[in-house]
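Have a look at the structure below before the remarks.
Any value given below was found using the heavy atoms of this structure, including those in side chains, with hydrogens, waters and symmetry copies removed.
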Amino acid sequence: MGSTNLGPITIVFFFYVISMVHCINNIQELDDQIRSYAARANKGRHTGSLYELSLPANLSDVKASVVTVRNSVFWRKGANFSGVYVPPMVKTTPYAKRIAFVYETFGDHSSSVYFRLADDNYSFISPVIGFTAYDATNTNNLKRLNLSIDEDNPILIKLDPYVSHNQRRGIKCVALGDNNESLKFSNTTRNYSCATTNSRGHYALVAPNQKHNPTSKLELARRKWWWIALTIIGISVLLAAVIGVVVKLVRKKRFKEMERESEKSETVGNIWIGQSRMPAATMVRTQPCLEYHEDFPSSN
């Protein structure tokens, strides 16, 4: 009996969770909901320390945190928490004695649930990170602040792509709007960071879908075979050159040995005249003499 009742209970619970997730019509509602949790969690907390927020079960795939800083410290040092770097010497409008930064991180799967990309040729390759600056002078009522960010010294959002290095081609930053859709694509800075001058927002990394780039694997295969062919040709040429040099040296050595053997078998000596070697006999075999014949008449 217990096993038969477990199925309907599981189905009811599943549809309940799905309905809770989709009851959030836009990110603005989600930000307001997380802000209320941040206001309650921020009471009595120390400034300069980051605190994780405890969110309801329907937001289990979303992580949120809050940190409060004094305006004087924020002016001198800026803020660098949860991968979001705000440079120093930034003014707030209106002025706030204390500033609360609320950070949101959407998991790998929740990014595609809460946000939509206007271009179907791209896909998320990093979690979505959001941040908002609030006036925390009154912790019971957090109000949004505007930050005067210079374009030459923007806010940097550090994002970690969860794809291999071979797939990190054509990566773009995307800024996501309150209507859950992408607003703007831009190039990444070094270390896969996104730059912005906005006081709040949600950002992520996207990359072209593999199915829209079918020639990439074919091109890599062609390049691989070209490198293999060039390597084989290079090794063959080098081997032929080595063999040619060895054959030449062997022939030269044999020629010198034959020359030495021929010099040893010579009976005629050699003398050097200048830079030329000339043959010279060491002895005369037959002594010259005048032959006398009786047939010839005498001079007398």
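- If you chain together hydrophobic residues whose side chains sit under 4.5 Å apart, Trp75 and Leu147 never meet in one group.
- Within the 3.5 Å criterion, the main-chain N or O of Ala136 finds no donor-acceptor partner in the side chain of Thr139.
- Of the possible polar contacts, none joining the Thr47 side chain to the Arg70 backbone as a donor-acceptor pair under 3.5 Å is found.
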With side-chain contact (heavy atoms from CB on, under 4.5 Å) as the test, would you mind laying out the steps for Ser148 and Val90 before giving the verdict?
CA-CA 6 Å; Ser148 58; Val90 172; 4.3 Å; yes

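- With contacts defined as side-chain heavy-atom distances shorter than 4.5 Å, the pair Pro88/Lys77 does not qualify.
- Between Arg98 and Val69 there is no side-chain heavy-atom pair separated by less than 4.5 Å.
- In this structure, Phe74 CZ and Ile99 CD1 are separated by 5.0 Å, a value rounded to the nearest 0.5 Å.
- The two atoms that bring Arg144 and Asp32 nearest to each other are NH2-OD1, 4.1 Å, heavy atoms only.
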Output, in order, the C-alpha distance, side-chain angles, deciding distance and verdict of side-chain contact (heavy atoms from CB on, under 4.5 Å) for Leu59 and Leu30.
CA-CA 9 Å; Leu59 298 177; Leu30 179 60; 3.7 Å; yes

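- For CZ of Phe255, the number of neighbouring non-hydrogen atoms (other residues, nucleotides, ligands) closer than 6.0 Å is 12 at most.
- The backbone N or O of Val102 lies less than 3.5 Å from no partner atom in the side chain of Thr132, so there is not a single donor-acceptor pair.
- Between the CG atom in Leu230 and the CD1 atom in Ile235 there is a gap of 11.0 Å [rounded to 0.5 Å].
- When side chains are defined from C-beta on, Thr188 counts as touching Cys173, because their heavy atoms get closer than 4.5 Å.
- Other residues, nucleotides and ligands contribute at most 12 non-hydrogen atoms within 6.0 Å of the NZ atom of Lys63.
- To the nearest 0.5 Å, atoms CG (Leu176) and CG (Leu117) are separated by 7.0 Å.
- Inter-residue side-chain proximity for Thr196 and Tyr203 is flagged as met; some heavy-atom pair is nearer than 4.5 Å.
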Evaluate ring pair (Phe, Tyr, Trp, His ring centres under 6.0 Å) for Phe106 paired with Phe115, printing each intermediate quantity in order.
CA-CA 10 Å; Phe106 297 82; Phe115 301 95; 5.1 Å; yes

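- For the pair Asp135 (side chain) and Lys143 (backbone), a donor-acceptor distance under 3.5 Å is absent.
- Atoms CD1 and OH, on Ile171 and Tyr122 in that order, are 11.0 Å from each other to the nearest 0.5 Å.
- Following chains of ILVMFWY side-chain contacts shorter than 4.5 Å, one cannot reach Phe81 starting from Tyr85, and the two form parts of different hydrophobic clusters.
- Here the closest non-hydrogen pair linking Leu50 and Ser82 is CD2-OG, 3.5 Å.
- Connection of Tyr114 to Tyr37 is established within a shared hydrophobic cluster, with ILVMFWY side chains joined at heavy-atom distances below 4.5 Å, either directly or through further cluster members.
- The minimum heavy-atom distance between His202 and Asp31, with the atom names listed, is CE1-OD2, 3.3 Å.
- The cluster map of Ile, Leu, Val, Met, Phe, Trp and Tyr, joined by side-chain heavy atoms under 4.5 Å apart, puts Leu156 and Leu205 in different clusters.
- Val66 and Ala100 make their closest contact through CG2-CB, 4.4 Å (heavy atoms, listed as atom of the first residue, atom of the second, distance).
- Here the shortest heavy-atom pairing between Phe131 and Ser199 reads CE1-O, 3.4 Å.
- When all heavy atoms are compared, the tightest approach of Leu145 to Pro94 is CD2-O, 3.3 Å.
- For the atom pair CD1 (Ile34) and OG (Ser65), the distance works out to 9.5 Å, reported to the nearest 0.5 Å.
- In this structure, the side chains of Arg200 and Tyr134 stay at 4.5 Å or more apart for every pair of heavy atoms.
- Here CD1 of Ile125 is found 9.5 Å from CG of Leu159. Values are rounded to the nearest 0.5 Å.
- Criterion: ILVMFWY side-chain heavy atoms under 4.5 Å apart, direct or through other members. Under it, Ile232 and Trp225 are part of a common hydrophobic cluster.
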